[in-house]
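One structure below.
Starting from 1, each residue takes its place in the sequence as its number.
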Amino acid sequence: MTASVARSPTLTPFRNDGIVPQLSQSPPTRSSLHNHNHNGVPHPQNVQRFAAPTKGLDSADLEAQRQEKAEVLAEEEARALDRKQDFNAIAAATIVGAKDQAKTNAIVPVVSAPDVDPQGPFEGPEKLMELWFADCPELLPEGSLSEHFSIVQDEEGNTLPGATPRRRLGLRAVSRPLWEEMLDLVHCKVLSVIEGDDFDAYLLSESSMFVFPHKIILKTCGTTTLLLGLQRILELARSALSGSTSFPTVTPTPAEPYEAQSSPSEDSRKSLGALVRQCFYSRKSFMFPERQKGPHRDWMLEVQLLDAFFADGSAYTVGKMNGDHWLLYMCCPGDKEEEAADSPPAQLAVQRPLHLPSPGSIDAANDQTLEILMTHLSSRSCSRFNFPPEMAVPSASTGAGASSDRGHLLGLDLSSKLGLIDMFPNTIIDAFAFEPCGYSANAVIPASAGCSAGYWTIHVTPEEDSSYASFETNVRLPSNGKGEADEPGMAMNTTALIGQVAKIFEAGKMSITLFSSRQANDDDSSDDEAASDEARDVYDLTTLKLPGYARKDRIAYEFDSYDLVFVHFEALPSSVGALEGQKDIATA
């Protein structure tokens with residue numbers, strides 16, 4: 001497999017509030033939240049309580065007490081009304097917009113969240129959106145855009161020496177500047193990119209983006225506004241899939257807290273959404289939801305925005321509402337015509353809450369995503385991802401797109417020390433170390449005897465009082481673990497991979513999700529080896545045991561063509577010290 005890595009050598013981003021990389025701003029520190037909890041509601045100890053009147057109070061004292069209570073209750077009612085009006089304003093501005101402006105596709109202002117402290121805590125948990133426009137590249141519409149160029153470019157858009165132009169189909173034929181323009185709406189920047197044989201892996205200032213010919217995966221953390229880029233993604237996809245080289249333009253307004261959304265008519269939104277074969281949007285419960293902006297301030301606002309584009313979507317809360325949980329939205333608007341053509345007579349039809357297409361290609365039939373979302377990292381683990389100014393910089397690498405900037409060199413050096421480079425065979429890795437702390441990495445993995453082709457991505461926010469790390473991969477490993485790893489340290493199966501990740505990050509709490517497509521077995525044959533492997537993956541996760549951890553939650557969903565398993569683990573009190581006392585793999 002050949003691939004090139006493109007850098008943005010002069011960009012040195014610092015983790016701030018997750019919106020725009022700054023060049024000289026000091027590192028994020030968690031602000032004190034003494035007066036409010038994470039939902040913006042006063043803590044009980046800060047709410048004035050009124051005791052029952054005691055004996056000995058005269059009528060004047062009682063009247064003063066009643067008056068004081070009435071004033072406080074009136075203030076609470078006023079604040080509740082303000083919250084309701086703010087909620088309705090965000091929903092209206094984000095999703096519907098002004099009718100007269102919608103007719104001209106004008107820019108509609110979106111109500112912003114209250115100002116937040118830019119030096120406050122960083123929101124590690126990411127928003128993740130995956131849009132499929134076909135089951136595989138071979139099933140893209142005839143006449144889809146096909147170009148020949150390289151995205152291994154410098155910051156001025158010039159192809160770097162050593163980069164090899166290649167044929168780019170469908171979404172990959174959309175130029176890098178157009179994707180960067182979309183990311184401006186989301187409030188993140190491209191740090192570098194791996195140009196692989198099958199897809200492009202963009203490393204962002206806030207997480208990652210993966211562009212395939214037939215699908216796109218966008219993952220962003222902090223206070224980014226991922227869903228405000230949805231319309232733009234669909235517009236770019238519409239042009240690319242129709243073979244057009246003329247893309248619609250957008251005029252960003254950097255002066256705003258975040259860019260406004262153009263508001264097309266309801267029919268136009270549904271028309272854009274109908275391009276999508278499958279849509280998945282998910283995220284872990286936020287640590288600091290009051291810091292989010294636009295539709296991301298509330299899950300139902302996010303659902304409402306997605307429903308504006310997609311028909312028959314379904315939203316789920318997986319896990320404990322009063323604990324760690326995972327939110328999921330999924331739908332299949334692009335399959336409605338096929339469903340209608342193939343559906344039985346109405347009296348025989350079976351009503352189901354969700355319909356997903358039966359995978360019709362190798363790509364969709366083998367679709368699997370494993371996410372490991374970790375919080376409460378050990379102090380020692382957090383310290384590995386601190387990069388003080390006095391830290392020595394390793395020597396530069398060579399090759400097309402190779403960079404000598406400090407962030408990439410430190411990131412690659414740590415990746416090697418952690419053993420991430422050896423997790424899969426022949427890994428091509430792109431990593432970045434944020435100053436003074438934070439780490440992000442993408443990896444492109446070619447197919448081998450032991451695993452399918454795909455990617456993994458890791459993002460770490462190491463502030464100890466709000467630490468978070470995530471690992472995600474779409475590489476399908478053997479479920480039975482009978483294969484042999486090519487090198488020591490390589491994962492042999494899914495459960496071994498989870499154990500390896502858990503050992504690296506030493507998390508106090510860990511939520512794991514496995515989303516796996518099922519083979520279509522019209523003949524219900526029981527000897528289908530692939531289907532058996534998929535069932536084994538699900539079974540292995542539902543029965544997973546991790547040394548030093550106790551399973552606190554386990555939930556399984558079965559959809560038409562996908563299985564979802566969610567498990568949540570917490571470190572045993574007796575194992576916390578053991579985690580701290582393990583051999584330091586970062587310096588071994």
Practice problem: Give a yes or no on whether a salt bridge exists between R283 and E123, defined as a side-chain N under 4.0 angstrom from a carboxylate O. | Solution: no

Quiz item: Between the side chains of T457 and N442, does any donor sit under 3.5 Å from an acceptor?
Solution: yes

Exercise. Classify the ring geometry between H214 and F212 as parallel (under 30°), tilted (30 to 60°) or perpendicular (over 60°).
Key: perpendicular

Quiz item: Using 30° and 60° as the class limits, which term best fits the ring planes of F385 and Y439: parallel, tilted or perpendicular?
Solution: tilted

Quiz item: With the threshold set at 4.0 Å, does a side-chain nitrogen-carboxylate oxygen contact exist between K127 and E302?
Solution: no

Quiz item: Can we call the ring centroids of F471 and F505 under 6.0 Å apart?
Solution: no

Exercise. Measure up the H296 and Y281 rings against each other and bin them: parallel (under 30°), tilted (30 to 60°), perpendicular (over 60°).
Key: tilted

Quiz item: Going by atom types alone, do D430 and S192 pair a side-chain donor with an acceptor below 3.5 Å?
Solution: yes

Quiz item: Testing P462, C382, S381, C437 for side chain to side chain contact (heavy atoms under 4.5 Å, CB included) with S467, which one passes?
Solution: C382

Practice problem: Mind telling me whether Y455 and F210 have parallel, tilted or perpendicular rings, with 30° and 60° as the class edges? | Solution: parallel

Quiz item: Side-chain donor-acceptor pair under 3.5 Å between Y202 and E180, yes or no?
Solution: no

Practice problem: Search all heavy atoms of S466 against all heavy atoms of F288 and return the closest pair with its distance. | Solution: CB-CZ, 3.8 Å

Quiz item: Between the side chains of S379 and E464, is a donor N or O closer than 3.5 angstrom to an acceptor N or O?
Solution: yes

Practice problem: For T224 and H187, test the side chains for any donor-to-acceptor distance below 3.5 angstrom and give the result as yes or no. | Solution: no

